[in-house]
Amino acid sequence: MFDFYRVAACVPEVSVGNTEFNKEKIMEKLKEAYGYKASYIALPELATTGYSCQDLFFQDALIKASNKTLSDIIESTKGRSEIIIIGAPLQLRNKLYNTAYVIRDSKVLGIAVKTMIPNYHEFYEKRWFVSANELEISSVDVKDLGLSLTDMDYTVPIGNNLVFEDTGSVSFGVEICEDLWSPIPPSNTLALAGAEIIFNISASNETIAKREYRKNLVKHQSASCLGDYLYVSAGSSESTQDLIFSGHSILAQNGALINENRDFIADDYLMIADIDIEKIRYDRKLSTTFADSCLMFKEKIAQVNRVRLPYQSVPESDGEYINAPKHPFIPKSKDKRIKRCNEIFDMQVSGLVKRLKITGSRPVVGVSGGMDSTLALLVSAKALKKMKRDSSDLIAITMPAFGTTDRTYNNSLELIRALGAEPIIIDIKESCVQHLKDIGHDIENKDITYENTQARERTQVLMDYANANNGLVVGTGDLSELALGWCTYNGDQMSMYGVNGSIPKTLVRWMIDSVVENSIFPAASNVLRDILDTPISPELLPPDENGNIVQKTESSVGPYELHDFFIYNSLRYGFRPSKVFYLAKKAFKDDYSDEEIKKWITLYYRRFFNQQFKRSCMPDGVKVGSVSLSPRGDLRMPSDASAAIWMNELENL
């Protein structure tokens with residue numbers, strides 16, 4: 001339903017040269033993988049014999065025993081829909097090949113052959129095996145494989161150019177160990193030809209620092225192929241005569257690590273993960289570079305042998321093991337989070353520096369005491385510091401009105417002074433009262449007009465003050481507000497340069513926290529901490545009798561952590577509402593009821609569509625992440641598009 005598929009990396013215990021023992025251990029692991037409802041199951045290179053048999057591969061007894069073991073494993077899959085990829089030696093026309101058998105339902109669907117045969121340092125594989133490049137055939141009769149199967153009356157595709165196309169599910173390809181280490185791995189062509197998952201069955205020995213290198217290699221290749229890449233390697237029960245094998249398994253998707261076995265030296269285990277193929281399909285559809293690469297290598301792609309599998313689609317997964325982080329914009333670890341925030345802060349600062357240099361102006365910021373204006377003020381202060389300009393060039397204006405509380409007002413003043421500037425206080429209450437009189441609006445009617453009057457008055461003050469003082473109004477609105485349209489048109493929606501426009505609300509908090517952590521403005525640390533503790537509010541309605549904030553944004557528009565989750569999954573990957581809802585239920589199962597999530601996701605989609613007109617004329621602002629709403633960049637969307645399809649799907653959840 002949602003294009004989730006479960007994969008298993010199986011690393012069974014192996015007895016080198018003992019094919020009967022290996023068969024039993026492989027069958028145990030297969031049974032275990034079946035229990036997890038894995039759709040694709042990959043075992044290591046030369047799993048039937050063990051990788052480290054060396055000159056025993058020349059022994060006919062070993063090859064025949066391997067074929068017997070392989071036959072028993074193949075027959076055991078009768079009636080099963082899982083795809084199994086297993087390494088075994090193949091003797092064909094007096095040559096030995098290092099191969100991966102792809103099997104399902106007691107049949108050999110295809111045989112992928114290793115291309116790159118390592119013969120350097122500790123490797124001397126060319127002593128036994130020849131490359132797929134020496135194959136002179138593209139298919140082989142199953143009876144010529146040396147197997148003993150019930151059905152021996154069909155041909156099997158063979159080579160290093162097989163793309164398995166499974167009707168209604170996933171296309172995939174297979175390469176073997178050293179193929180990945182080559183300058184141009186076979187998987188590049190397989191991916192361009194349509195393979196969405198690449199399986200690499202391997203036997204990679206361990207040396208100091210090799211694990212990290214191997215992981216980076218897999219991540220890079222998944223990004224290069226714009227696909228999923230599952231790597232499974234032989235375990236520590238291989239021969240230790242001169243080498244140690246670690247059983248390293250890795251799953252990466254488009255450059256991101258999805259899963260990895262934990263133990264440095266491992267054996268006899270199963271690594272289970274769910275993959276989301278829709279992410280790959282979305283990125284490939286979006287990437288003109290991927291499409292151009294297909295055209296560039298169309299002659300190579302034409303040589304690919306497309307193995308169309310019989311209609312028996314691999315079942316989709318229920319997504320139990322899908323990684324759905326609550327806060328997709330925020331790294332989990334503190335170190336990574338601070339590093340990410342530092343990098344984003346530098347991008348914001350650099351963008352503003354360029355704009356100030358080009359215009360020869362001073363930054364003008366409206367400071368409310370809330371997080372968004374705080375971040376914009378910090379960026380402006382840092383930009384001046386980077387330009388070696390005096391902090392007095394910072395024009396920081398606070399504009400108290402009907403809803404301003406003592407806490408936010410005093411925090412504004414304290415923050416501005418801590419940054420070395422002198423606050424400019426312009427009380428806009430009288431101006432707003434006069435304006436409401438002018439348009440015939442009862443001041444006791446605290447509706448949207450009452451609220452927006454204040455927002456637009458503040459923007460007018462900022463713009464006119466900037467005109468009078470060679471200033472450039474720095475916008476404070478963030479990505480989440482823009483997605484929801486939670487900003488006043490031609491009020492806080494407008495500025496001369498928006499430094500927060502691609503930063504989600506959940507990340508804004510950590511951006512300010514990182515400024516404190518890194519003591520970028522040490523004199524401001526205390527007030528910044530208090531600002532972080534202040535409820536999110538536009539402060540457009542009067543405070544309560546105790547002077548506390550009454551108007552709390554998340555009570556009206558919903559939790560920003562939910563909205564940022566919706567934004568990421570609906571825009572980064574184009575997921576439909578039902579899938580975003582499913583993932584949100586999974587991510588927030590301990591925080592919100594299904595009814596609450598449905599309420600806020602419905603509001604999100606409704607507002608996202610009917611507020612596009614505000615984004616269509618949003619000001620310039622630097623893009624810092626994978627999601628941006630700029631009408632000149634990532635989001636080209638008509639302001640009058642109908643939301644009917646999306647809303648109908650939400651109604652039927």
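Start at 1 with the first residue, then count along the sequence. When reading the values below, keep in mind they use all heavy atoms of this one structure, side chains included, and skip hydrogens, waters and symmetry mates.
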Is there a donor in the side chain of [X] and an acceptor in the side chain of [Y], or the other way round, less than 3.5 Å apart?
| X | Y | result |
| --- | --- | --- |
| D274 | Y5 | no |
| S578 | E649 | yes |
| D141 | T155 | no |
| S570 | Y604 | yes |
| E82 | S39 | no |
| S131 | Y97 | no |
| S138 | N305 | no |

D634: partners by salt bridge (charged side-chain N to carboxylate O under 4.0 Å, His left out), with sequence neighbours left out: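 Result, salt bridge (charged side-chain N to carboxylate O under 4.0 Å, His left out) vs D634: K623.
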Test salt bridge (charged side-chain N to carboxylate O under 4.0 Å, His left out) applied to E165 - qualifying residues, sequence neighbours left out: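 With neighbours one apart ignored, the set is R306, R308.
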By side chain to side chain donor-acceptor pair (under 3.5 Å) - contacts of E122 (at least two apart):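 Counting only residues at least two positions away or on another chain, E122 forms a side chain to side chain donor-acceptor pair (under 3.5 Å) with N205.
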Under the side chain to side chain donor-acceptor pair (under 3.5 Å) test, residues paired with Q241 that sit two or more places apart: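 Partners of Q241 by the side chain to side chain donor-acceptor pair (under 3.5 Å) criterion, ordered by chain and then number, come out as Q54.
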Pairs flagged by salt bridge (Lys or Arg N to Asp or Glu O under 4.0 Å) wherever residues 48-63 is involved - sequence neighbours left out: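 Passing the test, one end in residues 48-63: D55-R127, D60-K64.
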Test item: [X] and [Y] side chains (from C-beta on) under 4.5 Å apart, heavy atoms:
| X | Y | answer |
| --- | --- | --- |
| N261 | V11 | no |
| V174 | V102 | yes |
| N216 | E212 | yes |

Classify the angle between the aromatic ring planes of [X] and [Y] as parallel (below 30°), tilted (30 to 60°) or perpendicular (above 60°).
| X | Y | result |
| --- | --- | --- |
| Y120 | F123 | perpendicular |
| W181 | Y213 | tilted |
| Y582 | F4 | tilted |
| F57 | W128 | tilted |

Under 6.0 Å from the ring centre and within 45 degrees of the ring axis: does the NZ or CZ of [X] meet both conditions for the six-membered ring of [Y]?
| X | Y | result |
| --- | --- | --- |
| R80 | Y34 | yes |
| K579 | F2 | no |
| K326 | F565 | no |

Side chain to side chain contact (heavy atoms under 4.5 Å, CB included) involving D228 - partner list, sequence neighbours excluded: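 With sequence neighbours excluded, D228 shows a side chain to side chain contact (heavy atoms under 4.5 Å, CB included) to I197, Q253, I275, I277, I280, given in chain and number order.
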Check: K126 main-chain N/O paired with N119 side-chain donor or acceptor under 3.5 Å: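 Yes, N119 side chain to K126 backbone: donor-acceptor pair under 3.5 Å.
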D335 vs R340, side chain to side chain contact (heavy atoms under 4.5 Å, CB included): CA-CA, chis, key distance, verdict: CA-CA 9 Å; D335 288 346; R340 172 82 57 83; over 6 Å; no
Cationic N near anionic O, under 4.0 Å, E175 to K114: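 Result for this pair is no, no salt bridge flagged.
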